[in-house]
Amino acid sequence: EKGGYPDFMLKEIHEQPRVVRDTLAGRMAGGMLTIDELDLSHDELNLIDRIYVIACGTSYHAGLVAKQLIEGWARIPTEVEVASEFRYRNPIITPTTLVVAVSQSGETADTLAAIRDARVRGAKVFGITNVVGSPVARESDGVIYTKANKEIAVASTKSFLGQVVSLTLLAMLLAQSKGKLTTSQIKLLFKELADTAEQIETILSDTAAIDKAALACKDACSSLFIGRGLGAAICAEGALKLKEISYLHAESYPAGEMKHGPIALIDDGFPVVAVATQSPTYEKTISNLQESRARGALIVAIATEGDTEIEKHADYVIYIPKVRDCFSPITASVPLQLFARAIAVARGCDVDQPRNLAKSVTVE
Ligand code: M6R
């Protein structure tokens with residue numbers, strides 16, 4: 001049932017183009033984006049003035065992407081919180097607050113408790129989950145199902161992609177309701193979003209550069225993942241993926257934070273993985289690579305195809321197809337999944353079933 005792949009994680013990584021296509025299917029009708037399951041009228045959507053995205057682990061990282069897209073497009077203040085923090089504090093919730101709960105399994109104890117708490121306080125709750133009929137789906141006011149299908153590897157990959165695509169759609173929908181994006185802008189964005197399926201296929205068709213970089217890093221004791229903007233969100237997920245399946249310590253930092261502490265870690269051969277795709281802050285990230293390299297770091301850069309300049313600043317460059325910055329989380333997370341898996345395999349780890357972890361965390 002691994003479909004010829006050596007492990008479920010690799011099989012699931014390869015399913016991601018399908019996940020993108022299935023998640024988008026039926027969402028555009030007559031030039032309008034629709035998410036009927038949300039069960040909120042255009043007017044109700046329009047009234048939303050504060051959003052909390054609550055989740056744990058990888059799903060929290062999808063939330064970090066969502067914050068930037070919702071604020072960027074729909075201009076609605078959005079906070080992302082780990083559910084185990086949200087539920088034990090006193091968040092500001094009004095009738096026009098929307099809580100978006102993201103959970104692959106739909107049964108994470110803290111996320112579920114946060115949903116209940118938010119509803120008692122009067123918030124509308126949207127669930128984003130992969131499991132039909134799960135507690136998150138049942139207890140939310142509306143639900144978007146990610147179309148990942150059953151995910152077996154403990155490390156989330158395809159469900160993360162499904163979450164990011166669903167949250168991207170939600171951000172676009174909110175922007176549409178608020179009149180912040182025009183019909184033609186939405187149409188163009190939707191097309192480019194759909195194109196990411198093919199771009200992921202391109203990434204999956206040649207992983208030689210990823211495997212080479214992984215071999216160079218496999219014996220490290222620690223590593224840093226750095227990026228800016230959406231790249232920083234993807235780094236958080238890349239670092240989690242690496243530590244959970246390979247037990248190689250990995251930490252992520254917004255690249256601009258390097259000189260505020262983490263750069264002290266760097267000595268000869270210390271791996272620094274950078275998401276340095278084309279974005280408004282590309283040049284700034286390059287400066288961070290230079291600073292790190294000058295101190296001996298081994299640099300692995302995820303970069304945009306055609307960017308030869310970056311080869312001067314990195315030991316290993318992993319090229320991915322050019323996309324608009326807002327869609328870079330969808331494409332840039334794929335090489336980071338493969339990188340983590342390649343290191344885990346090289347270190348002899350059980351990639352599908354890492355020690356101490358369970359697929360569903362139903363106790364707090
Ligand atoms: O099922 P959920 O999305 O609520 O699970 C949240 C986390 O437990 C989960 O993402 C965990 O971090 C994974 N092991 C990540 O690969």
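Start at 1 and go down the list; that is how both ligands and their atoms are numbered.
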If the cut-off is 4.0 Å to any non-hydrogen atom of [X], which atoms of ligand 1 fall inside it?
{"X": "S59", "answer": "2 (P), 3 (O), 10 (O)"}
{"X": "S156", "answer": "15 (C), 16 (O)"}
{"X": "E244", "answer": "13 (C), 14 (N), 15 (C), 16 (O)"}
{"X": "A155", "answer": "16 (O)"}
{"X": "K241", "answer": "15 (C), 16 (O)"}
{"X": "V154", "answer": "13 (C), 14 (N), 16 (O)"}

Does a side-chain N-to-carboxylate-O contact under 4.0 Å join [X] and [Y]?
{"X": "E1", "Y": "K11", "answer": "no"}
{"X": "E37", "Y": "R27", "answer": "yes"}
{"X": "E85", "Y": "R89", "answer": "no"}

Evaluate [X] for polar contact with ligand 1, using N/O atom pairs at a separation under 3.5 Å.
{"X": "T58", "answer": "yes"}
{"X": "T111", "answer": "no"}
{"X": "S103", "answer": "yes"}

According to salt bridge (Lys or Arg N to Asp or Glu O under 4.0 Å), who are the partners of D307, at least two apart in sequence or on a separate chain?
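Not a single residue meets the salt bridge (Lys or Arg N to Asp or Glu O under 4.0 Å) criterion with D307.
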Return yes when L357 approaches ligand 1 closer than 4.0 angstrom through a heavy atom, no otherwise.
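So L357 does not count as touching ligand 1.
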Testing the 3.5 Å rule here: is there a donor-acceptor pair between the side chains of [X] and [Y]?
{"X": "T281", "Y": "S279", "value": "yes"}
{"X": "T146", "Y": "N130", "value": "yes"}
{"X": "T58", "Y": "E237", "value": "yes"}
{"X": "T157", "Y": "Q337", "value": "no"}

Ligand 1 versus K359: contacting region, heavy-atom distance under 4.0 Å:
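Neither part.
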Measure from NZ or CZ of R347 to the centre of the six-membered ring of Y247 and say whether it is under 6.0 Å with the direction within 45° of the ring axis.
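Checked: cation-pi criterion not met.
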Among all the protein's non-hydrogen atoms, which is closest to [atom], and how far away is it?
{"atom": "atom 8 (O) of ligand 1", "value": "V361 CG2, 4.0 Å"}
{"atom": "atom 5 (O) of ligand 1", "value": "T108 OG1, 3.5 Å"}
{"atom": "atom 6 (C) of ligand 1", "value": "C56 O, 3.3 Å"}

